[in-house]
Amino acid sequence: MIALETHNLTVSYDKQPVLWDIDFTIPEGKLVGIIGPNGSGKTTLLKAAMGILPADSGYSRVFEKPVDKVRERMSYVPQRQSVDWDFPATVMDVACMGRYRKGRLFGRLSRTDREIAINALERVDMLPLAKRQISELSGGQQQRVFIARSLAQQADLYLMDEPFVGIDAASEEAILNLLRSMRSEGKTVILVHHDLHTALQFFDWVVLLNTRLIGAGPIEEVLTEENLTKAYGGKLNLLSRIADLIGSKGYPIREKSSEE
Amino acid sequence: MNDFWIVLTGALVAVNCAILGVFLILRKMAMVGDAISHAVLPGIVIAYLISNSRNSLFMLVGAAAFGVLTSMLIELFYKKARLQSDASIGITFTWLFAIGVILVTAFSGNVDLDQECVLYGDIAYIPFDTWMVGNNSLGPAAIWLLSGNFLVLLTGLIVGYRGLFITSFDEAFSIGLGINAGTWHYALMAAVSLTVVLSFNSVGAILVVAFIVVPPAAAYLLSKRLDAMLWISGLIGILSAISGFFLADLWNASISASMAVSAGIIFACVFAYTVIKRRLFQKTEESNFIESWQ
Amino acid sequence: MLDINLIWVLAGCALIGAGSSVVGVFTFLRKESLVGDAVAHSLLPGVVLAFMLFQLKSIWILFPGALIAGWLSLLSISGITQYSKIKPDTAIAIVLSVFFAVGIVLLTNVQQGTYGNQAGLDTFIFGKAASMLPSEINLFILVDLILIGTIFLFYPYLKLFVFDPEFSRAIGLPVRLLNFLLSTLTVLAVATGIQAVGVVLMAALIITPAAAARFFTNSLKALIFIAVLIGVISSVCGVMISYTAPSMPTGPWIVMVLSLVAVFSFIFSPKKGILSRYLLRKRHLVKMTDENVLKAMYHITNQSHKRAVGITVLSEARRFDGQQLGASLKRLLKSNEIQRENADIALTEKGNERAARVVRLHRLWELYLNKRMNIAEDHVHNDAEAIEHIITPELEAELVKDLGYPESDPHHSEIPGIKSFRK
């Protein structure tokens with residue numbers, strides 16, 4: 001079964017293409033890293049896959065169905081700084097959010113829901129801090145709370161945005177071990193990663209991006225020197241200039257009249 | 001008895017505004033609340049001109065619709081015109097308010113709102129006092145309206161608590177769950193507009209904005225949880241209403257303004273307390289740290 | 001209103017418009033536009049207190065009172081944000097409402113009290129453009145001179161500070177001083193402007209001209225110039241409108257004109273305006289359709305070895321939309337890139353050249369994608385369909401050079417016209 005696939009996926013911000021013609025397939029049960037230089041479209045890829053951002057053309061599928069049909073099987077962990085941590089909420093409050101569902105927002109959470117949230121907190125070793133306000137947490141603890149929220153959703157596919165940024169070594173190890181155990185349970189974990197060097201240790205599969213897809217597949221196959229130069233080197237000068245042209249002149253990225 | 005009505009009015013407005021203000025400041029939309037409170041003026045005027053009374057349901061709904069229009073216009077400027085958010089807010093409410101003043105002046109023969117007051121941007125600070133004089137027949141109407149408002153808001157709060165919680169805390173995550181964050185946003189804007197219009201009618205513009213922002217801000221400094229923040233804002237709001245009423249007497253000044261100043265004083269105290277506590281806590285941390293080395 | 005009064009009011013409002021616009025550009029660029037709103041609301045207590053202390057309504061007493069209050073409000077906003085977890089927008093709203101409330105408390109106290117001569121005290125902050133006095137004009141002139149003078153003196157530092165505060169700090173600019181400067185200028189401008197339009201509308205004088213000007217230019221000098229122009233013209237128009245219709249209030253009409261100018265610029269300004277962006281997109285779609293038609297004809301004539309192409313054949317070849325095809329053919333006929341041959345159409349030499357170029361670009365790009373990007377042959381076509389229309393001649397020359405003057409593309413079709421690049 002394919003966990004996540006994209007076909008000719010093109011997404012632009014402000015008429016400038018951020019993702020261009022992305023085409024890959026990721027089977028389930030893998031620990032996958034999305035890597036590439038800054039501005040290469042990594043976060044955009046996650047958001048487009050979740051349906052949070054609209055695609056200009058192309059599409060993506062999760063478990064071989066459109067995203068809207070399988071939301072209960074997906075979980076999204078945004079970047080830590082996208083949230084205001086001064087918000088008056090406790091660790092337990094955030095974990096419980098994983099039990100919210102589109103049609104079931106009204107009324108109280110059931111006892112089962114609370115138990116699931118508690119189990120999730122236990123798994124990330126944050127249960128003792130359940131009553132703590134989230135502003136009092138360290139970076140690593142905040143990240144773990146986010147992951148607990150995600151675990152509480154009991155999803156099969158997890159999409160995480162830079163979970164290893166700005167956290168201490170102990171938290172990093174704890175989270176990595178957790179992700180590995182999730183993988184051995186058959187879950188698929190896809191995360192945007194900021195650091196090329198640790199990528200080699202962490203992931204089985206890798207998606208190498210620089211607005212275009214450089215490569216996607218098992219890490220030894222994709223992270224070749226040639227590919228890395230294409231991603232991080234300057235050979236893509238022409239490409240970025242064309243992208244700039246598109247952006248500055250406001251060209252539509254896809255013609256509507258060409259054959260699909 | 002008049003006194004009781006006045007304080008009750010203030011307390012009701014305080015609680016209504018507190019409920020909304022909590023979410024507005026958590027969503028970083030405090031100034032949108034301020035904008036709506038100014039921009040409903042043309043709505044009030046138009047609705048008044050059509051319905052010819054100050055208390056008709058039509059007028060209130062029409063004016064509230066203007067509040068929602070305000071937030072839509074702000075978004076139009078922000079998303080379609082690509083104008084930065086602070087300027088979008090500023091241009092929208094000043095434009096709408098200017099339209100409102102022009103309308104009032106143009107039709108000033110028909111309108112029994114004090115023209116000078118409207119021009120001066122504070123539509124009701126004098127009428128508020130006048131209301132209290134003719135209070136016996138008017139007071140209860142305001143109480144009914146505000147109580148109704150309170151019931152609506154309370155129901156909305158209880159039913160929509162989790163939706164509001166999650167869309168205010170982490171909108172991207174909520175969209176990922178399939179929740180329509182936009183709907184929650186507009187529902188909140190509609191509630192703000194309605195409350196602003198109903199409160200405006202009773203106590204004036206200054207007090208409305210103050211009650212939307214100040215007690216919740218004080219509560220924000222004191223709360224670790226959302227429900228606590230809601231309770232504390234409500235309490236501080238009621239306290240401001242009560243103390244403001246007595247202070248107005250002491251100061252020989254406008255009642256609604258005194259209530260607002262009261263809220264401000266409470267906020268200042270909470271703020272000072274927080275700052276001092278933080279300093280002390282740091283000192284204790286430092287001395288503990290030093291001790292542990294010795 | 002006598003004519004001479006009109007002159008004074010025009011002068012006063014023009015000066016106010018100019019001063020506010022200049023300051024507004026800087027607050028706009030720092031994304032602090034609403035701070036001006038807060039300052040406007042917070043002047044009231046300063047004014048009333050000054051009156052209470054000195055028992056005079058002279059502008060030279062009230063104005064300093066306003067300044068002090070304005071300054072205090074700015075300090076409060078930054079104090080609240082710095083020393084607590086309260087966010088900037090909330091801090092602005094708190095200061096705005098509480099200061100104003102204090103002002104109303106003082107004002108209502110004064111109005112009921114024993115101070116003589118307090119009638120009309122509120123007109124200072126509620127705006128009374130229509131009754132401006134020549135003595136007040138003097139104040140406006142002074143303020144504008146200070147505003148313009150300061151900005152002129154510190155221009156390079158202010159410019160850097162506003163566009164890149166981090167960098168300014170890093171290279172050791174006196175960031176605190178510059179902040180202080182801008183804050184003072186804001187308070188001055190607001191305290192002056194409020195006399196024309198009143199508390200609520202003051203924000204418009206600061207925000208709107210800068211916002212409108214932004215849609216025309218990116219350069220700071222041009223921004224200031226255009227913003228001032230808009231500010232002055234709107235003020236003058238507002239005054240004239242209220243002069244011709246005497247019951248009309250001046251302030252709101254100034255803001256009305258300002259807002260309409262702003263909306264106009266949001267829609268119609270070249271490049272950044274909504275309409276311009278829309279038209280640009282439309283133009284590109286037209287160009288793409290035309291070039292696709294030419295390209296299709298090129299391919300068909302190459303394969304059939306006949307000059308003329310039937311229209312039905314053409315429309316089927318690329319599944320063109322009937323209406324779009326018709327419109328495109330009309331345009332191409334007009335530009336002499338195709339001509340009629342009995343019932344069919346054929347490429348002219350001009351059309352043939354353009355078609356060949358488009359095909360060349362398409363194939364070059366496919367080659368680039370294939371060779372440089374490792375994308376499989378069957379994937380490159382759709383992408384090239386989009387790109388072929390926008391590659392400029394310079395980029396084209398580079399592409400050709402980069403790929404080593406290739407003669408054929410990934411599908412092993414010939415790339416036309418490469419030889420001409422070898423010169």
Side-chain angles (χ1 to χ4, degrees), chain A residues 14-15 43 46-47 49-53 62 67-72 74-80 82-94 96-109 113 131-136 145-146 149-150 152-153 155 157-161, chain B residues 21-30 78-83 155-184 187 216-233 274 277-278 281 285:
Chain A
D14 243 18
K15 306 289 188 301
T43 299
L46 272 194
K47 288 191 174 169
M50 282 296 298
I52 297 177
L53 275 182
V62 170
V67 169
D68 277 324
K69 299 249 175 0
V70 285
R71 285 202 186 276
E72 341 74 59
M74 296 167 72
S75 171
Y76 175 54
V77 183
Q79 284 185 3
R80 213 157 27 89
S82 66
V83 155
D84 175 21
W85 292 91
D86 285 327
F87 199 94
T90 59
V91 164
M92 183 64 180
D93 288 332
V94 177
C96 286
M97 281 183 194
R99 301 305 303 158
Y100 292 12
R101 286 278 184 282
K102 177 177 177 168
R104 284 185 32 204
L105 273 183
F106 311 106
R108 312 187 124 253
L109 284 178
D113 286 327
K131 296 232 157 77
R132 186 138 332 160
Q133 209 237 331
I134 52 184
S135 65
E136 297 169 24
V145 171
F146 254 10
R149 179 177 70 175
S150 226
Q153 283 182 269
L157 170 65
Y158 294 83
L159 299 170
M160 306 187 181
D161 202 342
Chain B
V22 163
F23 292 104
L24 281 178
I25 74 172
L26 288 175
R27 295 163 93 102
K28 305 205 185 49
M29 297 181 71
Y78 183 54
K79 298 226 168 100
K80 274 277 141 71
R82 317 269 181 89
L83 181 63
T155 318
L157 178 64
I158 293 176
V159 167
Y161 186 74
R162 289 200 277 136
L164 287 167
F165 197 171
I166 199 176
T167 51
S168 305
F169 176 64
D170 193 345
E171 196 176 85
F173 179 75
S174 70
I175 297 177
L177 287 177
I179 295 172
N180 193 339
T183 315
W184 288 93
Y220 183 55
L221 292 175
L222 295 172
S223 321
K224 294 190 175 187
R225 306 196 53 186
L226 184 59
D227 47 7
M229 187 171 166
L230 285 161
W231 280 108
I232 297 178
S233 318
T274 320
K277 187 171 133 186
R278 205 189 267 189
F281 184 65
E285 281 240 310

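Any value given below was found using the heavy atoms of this structure, including those in side chains, with hydrogens, waters and symmetry copies removed. These numbers were taken from a predicted model, which means no experiment stands behind them. Below, read A as the first sequence line, B as the second, and so on, with proteins coming before strands; counting in each chain starts at 1.
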Taking side chain as C-beta onward, heavy atoms only, is B/L177 less than 4.5 Å from A/Q153? yes
Please work out whether the ring planes of B/F169 and A/W85 are parallel, tilted or perpendicular, with thresholds of 30° and 60°. perpendicular
In terms of heavy-atom proximity below 4.5 Å to chain B, should A/R108 be classed as side chain, backbone, both, or neither? backbone
Nearest heavy-atom contact between A/F106 and B/W184 is CE2-CH2, 3.8 Å
Among A/Q133, A/E72, A/R101, A/M97, which residue has the highest count of heavy-atom pairs closer than 4.5 Å to chain B? A/M97
Is the shortest side-chain heavy-atom distance between A/K131 and B/K224 below 4.5 Å? no
Given that the side chain runs from C-beta out, which part of A/D86 has a heavy atom under 4.5 Å from chain B: side chain, backbone, both or neither? both
Between A/G98 and B/F173, which heavy-atom pair has the shortest distance, and what is it? CA-CZ, 4.5 Å
Point-to-point distance, once rounded to the nearest 0.5 Å, from CD1 of A/I52 to CD of B/E171: 10.0 Å
Evaluate the side-chain proximity of A/F87 to B/S168: yes if any heavy-atom separation is below 4.5 Å, no if none is. yes
Just by modelled atom types, is the B/G176 backbone N or O under 3.5 Å from a matching donor or acceptor in the A/R71 side chain? yes
For B/S223 against A/P88, the heavy-atom pair lying closest together: O-CB, 4.2 Å
Can you say whether B/Y161 sits under 4.5 Å from chain A via the side chain, the backbone, both, or neither, judging by heavy atoms? neither
Write down the atom of A/P78, the atom of B/D170, and the distance for their closest heavy-atom approach. CG-OD2, 3.5 Å
Counting C-beta onward and ignoring hydrogens, is there a side-chain heavy-atom pair between B/I175 and A/M50 closer than 4.5 Å? no
Does any heavy atom of chain B fall under 4.5 Å from the side chain of A/V94, the backbone, both, or neither of them? side chain
By a 4.5 Å heavy-atom criterion (distance strictly below it), what part of A/I134 contacts chain B: side chain, backbone, both, or neither? side chain
With chain A as the partner, which of B/L226, B/I166, B/D227, B/I158 has the greatest number of non-hydrogen pairs under 4.5 Å? B/I166
Would you indicate whether the side-chain heavy atoms of B/F165 and A/D93 approach each other to under 4.5 Å? yes
